[in-house]
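The first residue in the sequence is number 1, and the count goes up from there.
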Amino acid sequence: MPDHKNHHFVPRVLLRHFTKNAEGKSINLYNIRADPLIPDAPVKGQCSRHHWYGRDGQLEALLGRLEGMFGLARDRVMAGGNSDRDREEISLFMCVQHWRTAKAAARIRHSMEQMNENTWAPDKDPIPEDKVLVVRSMRVGMKTREFLRDLKLRFVENRTSRDFIIADDPAVMLNRFAFEKLGGSGFGVASSGLIFVMPLSPRFSVICYDGLVYSLDATNGRVVLKSEAAVDAYNDIQCLAAEENIYFRRQEDGEYVRQRFAAVKHKRRPASTVRTFVPDGESEVAEHYRPGTIEEARAARHSLEAVQFNYPEPDRWIPGLRYRKNPTTFFNGTAAGHMRKREWLNGKWGNGGDLPSDPDNKIQIIHMKQRPSERTER
C-alpha cells in the first residue's frame with residue numbers, strides 16, 4: 001500500500017479546472033513573494049505538505065471523501081444543476097476549506113507570536129508546529145459549521161472573456177458591513193454582514209452572504225457576470241488572500257495576474273492583530289477593561305490580550321451585492337458585536353471575543369459573572 005504522505009491543503013479536485021486542459025497535471029502560477037510567473041508547474045506539488053493532516057491517514061481519508069462529493073456536486077452545478085444537496089455539499093466543502101490551509105495555520109501561529117510579544121508575563125506560550133495548528137484550526141472550523149447554515153448561497157457564472165483565478169487560500173471570509181458600517185470592527189462566523197467566496201473554476205464561483213444585511217440579484221440561484229470589472233473584483237479577493245501562490249488557467253494571463261496583485265497588495269495586512277487591555281475598575285457583577293500598554297499591564301500585574309484575525313478588505317466590493325434598506329442585526333452593546341441571530345449574543349461566536357466593536361476603543365470589555373482568563377505573575 002503506498003504511503004500517501006503528500007497532503008494537499010487545497011485539493012487537486014478544486015484546482016483541476018484551473019489546470020492545463022483541465023487534466024489536473026500542470027498549472028500556471030504566480031509566486032507573490034519572489035515575483036516569478038511559472039508556467040506548467042506540476043500540480044502534485046502545489047498547496048501541499050508532508051503529512052499535513054497527520055501520519056495515520058484518517059483525517060486525510062475523511063477529507064478525500066468530502067473532496068469526492070464536492071467534485072461531483074461542482075460538476076453538476078457547472079452543468080446547470082442547483083439542487084439542495086449540491087448546495088449543501090459545496091457549502092460544507094467551502095467551510096472546511098477555509099480552515100485547512102497553510103494560511104489558516106499561519107493565522108493562529110501569528111496570533112500566538114503576537115500574544116507572546118505583547119504579554120508582560122515572563123512565561124511565554126510555546127508555539128506548536130503548523131501541522132498541529134491546522135488540526136486545531138479545523139476543529140474550530142467544524143464547530144462553526146452550524147453558524148453558517150443561515151447564509152444565502154449563490155453560484156456565480158462568469159460570461160466574460162476574463163477568467164476567475166484561484167489562490168492557495170481560496171475560501172475567503174470577508175465582511176463589508178463590519179468595514180464600512182462598523183468602522184472595521186472585528187468579526188467572526190456569527191457576525192452580521194458575513195461573506196464567503198470561493199472560485200469553483202475559471203467560469204464559476206460561489207458566494208455565501210448574510211441575507212439580512214445584503215441583497216444580490218440572482219435568477220434560479222445564479223448570478224451572471226458580464227463585466228470584466230466584476231470578474232476583477234472577485235479576482236482581487238484571491239490576490240488579497242493568497243499566502244504564496246496564485247493560479248490561473250491560461251498562460252497568457254500571467255501579466256494580468258501580476259498586475260492585479262500589484263494593484264491590491266497595499267491592502268494586504270498581517271494575519272492577526274493583538275492588543276492589551278488593562279483593569280479599569282469592577283463591580284459585583286463585572287470586571288471592566290480598557291486598552292492599555294504592556295507597561296500598564298506589568299504595573300497592574302493583571303491584563304487581557306485580545307486577538308483579531310485580519311481578513312481581506314478589498315478596494316472594491318463584489319458588484320451587485322447591495323445593502324438592504326433596513327439591515328437586520330442583533331446587538332446588545334458588548335464586544336460580541338452585531339450578530340445574525342439574537343440567541344447567539346450570549347455565545348462565543350460573534351467576533352470570537354476579539355476587539356470591542358467601537359473602532360475608537362471607547363467601550364470597555366465587560367465580562368459578566370465569570371472572570372476572564374488572565375496572565376498573572378506567580
Side-chain angles (χ1 to χ4, degrees), residues 9-10 14-15 18 27-39 41 46-47 97-99 101-111 113-114 117 130 156 158 160 162-180 183-187 194-199 202 205 207 225 227-274 307-319 321 355 359:
F9 54 80
V10 179
L14 180 56
L15 294 176
F18 296 88
I27 195 167
N28 303 302
L29 70 88
Y30 172 62
N31 183 273
I32 65 174
R33 297 183 180 180
D35 196 42
L37 293 164
I38 303 175
Q46 304 306 317
C47 304
Q97 181 59 55
H98 175 73
W99 301 97
T101 64
K103 183 70 171 287
R107 290 189 194 102
I108 300 177
R109 173 169 33 82
H110 186 268
S111 68
E113 291 170 348
Q114 292 295 300
E117 288 180 10
D130 282 359
V156 182
N158 177 2
T160 77
R162 180 160 293 163
D163 277 355
F164 287 134
I165 61 179
I166 188 169
D168 52 9
D169 188 37
V172 187
M173 189 164 76
L174 314 99
N175 196 321
R176 182 179 184 177
F177 180 71
F179 284 118
E180 292 188 341
S185 67
F187 61 88
L194 195 70
I195 304 168
F196 262 98
V197 293
M198 185 182 75
S205 182
I207 178 172
L225 302 186
S227 162
E228 290 185 350
V231 177
D232 289 344
Y234 280 86
N235 287 344
D236 286 354
I237 293 171
Q238 294 296 304
C239 291
L240 288 171
E243 175 76 354
E244 293 184 357
N245 295 323
I246 303 169
Y247 302 95
F248 51 98
R249 177 177 61 170
R250 298 179 300 209
Q251 196 171 130
E252 59 268 28
D253 288 344
E255 284 303 324
Y256 162 78
V257 174
R258 175 182 273 152
Q259 291 169 9
R260 289 269 30 100
F261 179 78
V264 302
K265 66 180 182 180
H266 67 284
K267 296 298 292 285
R268 288 169 59 86
R269 299 184 295 169
S272 65
T273 300
V274 175
V307 59
Q308 173 181 308
F309 290 146
N310 294 324
Y311 295 106
E313 180 189 5
D315 280 328
R316 52 181 168 181
W317 290 90
I318 293 167
L321 190 69
L355 304 179

- Could you tell me which non-hydrogen atom of Val10 sits nearest to which non-hydrogen atom of Pro170, and how far apart they are? CG2-CD, 3.7 Å
- Minimum heavy-atom distance Glu313-Lys267, with the two atoms named: O-NZ, 2.8 Å
- Message: For the NZ atom on Lys265, are there more than 12 heavy atoms of other groups (residues, nucleotides or ligands in this structure) within a distance under 6.0 Å?
- Response: no
- Taking atom types as modelled, is there a side-chain donor on Tyr234 or Asn158 under 3.5 Å from an acceptor on the other? no
- Task: Taking the side chain as every heavy atom from C-beta outward, state whether Leu37 and Phe248 have any atom pair closer than 4.5 Å.
- Result: yes
- Task: Identify the two heavy atoms, one from Pro314 and one from Ile237, that lie closest to each other, and give their separation to 0.1 Å.
- Result: CG-CG1, 4.0 Å
- Taking the inter-plane angle between the rings of His98 and Phe196 on a 0 to 90° scale, is it parallel (under 30°), tilted (30 to 60°) or perpendicular (over 60°)? perpendicular
- Are the side chains of Leu14 and Met198 in touch, meaning some heavy atoms are under 4.5 Å apart? yes
- Considering all heavy atoms, the nearest Pro36-Tyr30 contact: O-CD1, 3.4 Å
- Query: Got a sec, which residues hit side-chain contact (heavy atoms from CB on, under 4.5 Å) with Gln114, two or more places apart in sequence or on another chain?
  - Reply: His110, Glu117, Asn118, Ser272, Val274
- Item | Gap separating the CD1 atom of Ile166 from the CG atom of Asn235, nearest 0.5 angstrom | 10.5 Å
- Query: What residues form a side-chain contact (heavy atoms from CB on, under 4.5 Å) with Arg249, not counting sequence neighbours?
  - Reply: Asp163, Pro202, Arg203
- When you look at Asp315 and Asp236, which way does the side-chain contact (heavy atoms from CB on, under 4.5 Å) test go after all the steps? CA-CA 9 Å; Asp315 280 328; Asp236 286 354; over 6 Å; no
- The side-chain contact (heavy atoms from CB on, under 4.5 Å) partners of Asn245 (sequence neighbours excluded) come to Leu29, Asn31, Gln46, Asp168, Tyr247
- Message: Show the nearest heavy-atom pair for residues Asn28 and Pro39, with the distance to one decimal.
- Response: OD1-CA, 3.3 Å
- Indicate yes or no: at least one non-hydrogen side-chain atom of Ile165 is less than 4.5 angstrom from one of Cys239. yes
- For Arg107 against Ala271, the heavy-atom pair lying closest together: CA-CB, 3.9 Å
- Message: Quick check against the 3.5 Å criterion: does Gln308 have a side-chain atom that pairs as donor or acceptor with the backbone of Thr273?
- Response: no
- Ile318 side chain near Arg176 side chain, heavy-atom distance below 4.5 Å: no
- Message: I'd like to check Met173 versus Phe187 (side-chain heavy atoms, cut-off strictly below 4.5 Å). Are they in contact?
- Response: yes
- Task: Just jot down the side chain to side chain donor-acceptor pair (under 3.5 Å) partners of Gln259, sequence neighbours excluded, or say none.
- Result: none
- Message: Holding to side chain to side chain donor-acceptor pair (under 3.5 Å), I want the full list of residues that pass it with Arg250, two or more places apart in sequence or in another chain.
- Response: Asp253
- For Trp317 and Leu174, run side-chain contact (heavy atoms from CB on, under 4.5 Å): C-alpha distance rounded to whole Å, both residues' side-chain angles, the deciding distance at 0.1 Å, then the answer. CA-CA 10 Å; Trp317 290 90; Leu174 314 99; 3.9 Å; yes
- Note on the structure: To the nearest 0.5 Å, atom CZ of Phe164 lies from atom CG of Leu225 at 5.0 Å
- Item | Ala241: partners by side-chain contact (heavy atoms from CB on, under 4.5 Å), with sequence neighbours left out | Asp169, Val172, Pro312
